[in-house]
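Remarks on the structure that follows.
The figures here come from the full heavy-atom set of this structure, side chains too, leaving out hydrogens, waters and symmetry mates.
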Amino acid sequence: MATSFMSSKSLLFVIIFLEPFNALASATSRNETESYTLLRWKASLDNKSQSLLSSWAVDSSQYCSRWVGIACDEGGSIFNLSLPHLGLKGNLQSLNLSSLTSLLWLDLRNNSFYGSLPSQIGDLAKLTFLDLSHNSLSGNIPSEIGLLKSLGVISLARNHFGGSIPQEIGRLSNRLAGSIPQAVGNLSKLTNLVLSFNNFSGNIPYEVGNLTSLSQLYLHENDLTGPIPISLGNLQNLSRLILLNTRLNGSITEEVGMMRSLNMLDFARNRLTGPIPVAIGNLSSNLEWLYLYGNDLSGSIPSEIGLLQSLFTLQLQVNELTGVIPTSIGNLTNLVSLFLQKNRISGSIPASIGNLLSTLRALSLSGNKLSGPVPPTFNNLTHLVRLQLYDNHLQGQLPEDLCVSGSLSRFTAFNNNLLGQIPLSLRNCTSLTRVRLQGNQLTGNITEAFGIYPDLDYIELSDNNFFGELSPRWAQCRNLTSLKISNNNISGEIPVELGQAPQLQEIDLSGNRLSGEIPEELGSLTSLLHLLLNENKLSGKIPMEIGMLSNLRHLNLASNNLSGPIPEQIGGCFKLLKLNLSKNRIGESIPSTLSNINALEHLDLSHNLLVGEIPRPLGNLQSLELLNLSHNKLSGSIPSSIDDWRSLTLVDISDNLLEGPLPDRKAFQDAPFDAYKNNKGLCGNAAGLIPCVQITSNDSKQRSSNTLVILIALPILGTLVLLFIIVGSFCLLRRRKSCNGKAVSREEQLEAIFTVQGYDSDIMYQGIIEATEDFNPSYLIGSGGYGDVYKAVLPTGRVVAVKKLHRSEDDNKSINLKAFHSEIQALSNIRHRNIVKLHGCCSTARHSFLVYEFVEKGNLRMILSDEEKALVLDWEKRIHVVKGLANALSYMHHECTPPIVHRDISSNNVLLDSDFEAHVSDFGTARLLKPDSSNWTSIAGTFGYIAPGMLFISVSTS
């Protein structure tokens, strides 16, 4: 018994003595597991990432102090893993999170991690901070995230996560399924939930309203649908609620007024309907930012809005709001910006807005139905920087002191019924950068009405009643890009000093009473895009210096008293799209240099004194859509080269001395008789014309003889051509030439070299390589399924877009080359103003690319997704874009032989130029339709934008 007692006592001593060593061994084992886990994960990353983590060495026993991004607790366990902004690349599946159970802080933001978020995330029970934002992670958020009851912050923004937001984030109770716990934990400590800029869909879970500690909730820029859950009213601690640009619908419920701690409320750019709830006024103590713009909200603005006296910005623009602006808005004495534009608000502007005298910087009331005068109390708004009143029914005079403090920068009040003279304060307002007052009834002597504005970029005063002469002081506005003063009563001469305004891109002085000659000094304005001087009393010759305007897109000198010839130098305006010299007294012949303007779409030389024949080189104008040569003295026959005008839709050659056959083009054949009447002897099958004389029998015999000669000579000629091709191909391979004619390596000599009609000599292989620094990503402007698009400025100064074919694996290489060849085949034979122009192409073993015209504003999707750009693209411009797109499709389907089906008309493939003209691009999936065939192989294109006919594929065995 005593022995047994002593044995037990000894055993207890041993246990007590060895316990610390066991704990130490356990901790050491655990620490070794953690370091091994991180080393295994490091090995799975790409080489660059591994070099960035070079401090993570296998032989480093002091990883807690020497490894970058690692922090340990007193026991040597890793509690902090922070590797933000390093550019690491790999996935998280290789990171065994189950081995890092002591983690409190996990920060991997702003890297290049991809793949899904592993469900092991639920094993990090102690985690308080999780930030994986700004990566490329995808898939669903695992429901196990609901087990992280200690979490205070979750940030997964700017990834590619999809699916629904898991309900487990806010579910209140725990449940067991057998012996396996389900992830239904309540994240009661969560203060920040940031899921913005992903692809989440479905409804916002009702359970989010159970996160009572939540301070900031960011769900914007997703594909969420359904209503705003009323449970959000439970979030009494919520300070920021951002639901911008999802697809939420339904009304804003009164429960929003229960979130008394809100500092920022952003429901902008959704599909919300109904009125603004009166309960919004309950947020008076803290709310500083209120964004409800871009919805379908209706009804009037509640007067309770005036209770939000902490408000800095109020943005209700682009809705369906009606009624009047409540006078209570004048109580918002901290307001910095007030945007109510593009609604249906009526009545007068309340004078109480003048109470916002010390804070208001931006005020936009444009695009409504406001009437009455601009209140004199606007003189109190001495800090105003931006004032937009356009597209209303405002009357009366402008307040005298609008810019008395010299802060006003942007002032737009066009399309109203404003009267009187320009206030003196505007004349001295040197802070102005943009002024638009067109479409009013403003008057006064324009010579003295405006001053010198060093920062002015844009001014339009068209369609008013200004008189007097243009001041040479406009040239002292050194940043001025647009000067538009059309349709007024301005007289005198065009100041020669305008040639000293280096930034000018637009001059529109049309519809006035200007006299004298066009100053040759305007030829110095090398940035000029639009020069509109039509409908004046200008005289003299067209200055030859006009030909120096190499960037000019639109030149209109119609309806003046100009004389002399059309200067040959005008061919130097090779980017010109529209040229109108009609209704003058211009004489002599049409210069053949006009054929240099390959981009020309509209040519109107009617109602002049032109003589001679239509120059044969004009057949090069394959982009021409409108031609008016009527009411001149042109003679001879219409040159056959005009048969190449495939884009031509409207033509008028009436009242000349033309003779011979009418061209066999649709535009000529479909034109009314008035378009070719009163000529000397035109003939053809068109209505009102006599048929052309048939070939006589002698002519027939001669033709038979010629046919015999051709039948004999043709085989011989064909043999010679075939021999020439074989020899040329052999020489081509021997010389190992690239697209620029220089020697290339053995690997670059195997693929074909392609060129198409219109390939300019200055667009060469070496020029493209140098201009893009061998396709450096800094020149990248877009990406598609088959290639990347780069911007290239050639040594000549010409700007082009270069689509470089993706280098692909062998399995997909033929598909990409097929798309490459499809695009060449589709674009090489079509010319239309609304279809992107192909300049050339090249294919070597190293590079395959297509060279296009550069379309300035990029694709439609980019513009519509940018709020500021989308506002500029108003309904009139959008209708114009749709018309251009319809014209392009009609041309491809009905004018091309064989017809072309694009198969991928999406906003990504519609480009807009500086005039918001649409250009269809990306013909990599296009099909040429053979009228006698129904063979189809596969569907191609972006799902949702595929041509409807392609969804019913008929596979023929013929």
Look only at the side chain of [X] and the backbone of [Y], and say whether a donor-acceptor pair between them is shorter than 3.5 Å.
X	Y	value
Thr447	Glu469	yes
Asn479	Pro454	yes
Ser630	Ser654	no
Ser641	Arg616	yes
Asn628	Ser606	no
Gln500	Arg478	no
Asn488	Asn465	yes
Asn608	Leu605	yes
Asn584	Leu562	yes
Asp508	Ser510	yes

Spatial distance of atom [atom1] ([X]) from atom [atom2] ([Y]) [nearest 0.5 Å]:
X	Y	atom1	atom2	value
Leu552	Leu577	CG	CG	9.5 Å
Ile494	Glu517	CD1	CD	10.5 Å
Gln503	Ser482	CD	OG	11.5 Å
Met862	Ser907	CE	OG	11.0 Å
Ser563	Glu588	OG	CD	10.0 Å
Leu579	Leu600	CG	CG	6.0 Å

Compare all side-chain heavy atoms of [X] with those of [Y] and state whether any distance is below 4.5 angstrom.
X	Y	answer
Ile863	Leu912	yes
Leu437	Ile422	yes
Leu498	Val496	no
Asp652	Leu627	no
Ile490	Ile485	yes
Arg553	Ser914	yes
Ile835	His919	no
Leu461	Ile446	yes

Item to check | Derivation of the side chain to side chain contact (heavy atoms under 4.5 Å, CB included) call for Tyr779 and Glu773 | outcome: CA-CA 8 Å; Tyr779 295 90; Glu773 297 181 20; 2.8 Å; yes
For the residue pair [X] and [Y], what are the closest heavy atoms and their distance?
X	Y	result
Val611	Leu634	O-CD2, 3.7 Å
Val920	Leu885	CG2-CD1, 3.4 Å
Ala792	Val802	CB-CG2, 4.1 Å
Pro591	Pro567	CG-O, 4.3 Å
Asn551	Lys575	OD1-NZ, 3.1 Å
Leu648	Ala667	O-CB, 3.4 Å

Take a 6.0 Å sphere around [atom1] of [X] and say whether it holds more than 12 heavy atoms from other residues, nucleotides or ligands.
X	atom1	answer
Glu568	CD	no
Glu856	CD	yes
Lys583	NZ	no

Item to check | Aromatic plane relationship, Phe450 with Phe466 - under 30° parallel, 30 to 60° tilted, over 60° perpendicular | outcome: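 Perpendicular, since the angle between the ring planes exceeds 60°.
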Checklist entry - Angle class for the His631/His607 ring planes (parallel below 30°, perpendicular above 60°, tilted otherwise)? => result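 Parallel: the ring planes of His631 and His607 meet at under 30°.
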Next on the checklist: Set out, in order, the CA-CA distance, both residues' side-chain angles and the distance that settles side chain to side chain contact (heavy atoms under 4.5 Å, CB included) for Leu626 and Thr649, then state yes or no.
Outcome noted: CA-CA 6 Å; Leu626 181 149; Thr649 55; 5.8 Å; no
Assess the side chains of [X] and [Y]: does a donor N or O sit below 3.5 Å from an acceptor N or O?
X	Y	value
Asp457	Thr433	no
Asn632	Asn656	no
Ser366	Gln388	no
Gln438	Ser462	no

Item to check | Step-by-step side chain to side chain contact (heavy atoms under 4.5 Å, CB included) determination, Leu780 to Thr772 | outcome: CA-CA 9 Å; Leu780 187 69; Thr772 60; over 6 Å; no
Item to check | Lys804 NZ/CZ over Phe775 ring centroid, <6.0 Å and within 45° of normal | outcome: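 Relative to the ring axis of Phe775, which defines the angle, Lys804 lies inside both limits.
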Checklist entry - Could Lys803 and Phe849 be counted as a cation-pi pair, given that NZ or CZ must be under 6.0 Å from the ring centre and within 45° of the axis? => result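 Lys803 over Phe849 ring: no.
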Checklist entry - How far apart are the C-alpha atoms of Leu873 and Lys869, what are their side-chain angles, what is the distance that settles it, and do they pass the side chain to side chain contact (heavy atoms under 4.5 Å, CB included) test? => result CA-CA 6 Å; Leu873 191 66; Lys869 292 179 181 178; over 6 Å; no
Indicate every side-chain donor-acceptor pair of residues 528-538 with a distance under 3.5 Å to a residue at least two apart or in another chain.
unit_1, atom_1, unit_2, atom_2, d
His530, NE2, Asp915, OD1, 3.1
Asn536, OD1, Asn512, N, 3.2
Asn536, OD1, Arg513, N, 3.3
Asn536, OD1, Leu514, N, 3.0
Asn536, ND2, Leu509, O, 3.1
Asn536, ND2, Leu533, O, 3.1
Asn536, ND2, Asn534, O, 3.2

Item to check | For Phe668, all residues meeting ring-ring contact (aromatic ring centres under 6.0 Å, His included), sequence neighbours excluded | outcome: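 Expected list: none.
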Item to check | Tyr458: partners by ring-ring contact (aromatic ring centres under 6.0 Å, His included), with sequence neighbours left out | outcome: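 With neighbours one apart ignored, the set is empty.
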Item to check | Glu601/Lys578 under salt bridge (Lys or Arg N to Asp or Glu O under 4.0 Å): CA gap, chis, key distance, verdict | outcome: CA-CA 6 Å; Glu601 296 173 353; Lys578 297 179 180 180; over 6 Å; no
Checklist entry - Quick one: which of Lys877, His880, Lys857 gives a side chain to side chain donor-acceptor pair (under 3.5 Å) with Glu917? => result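 Single pass found, and it is His880.
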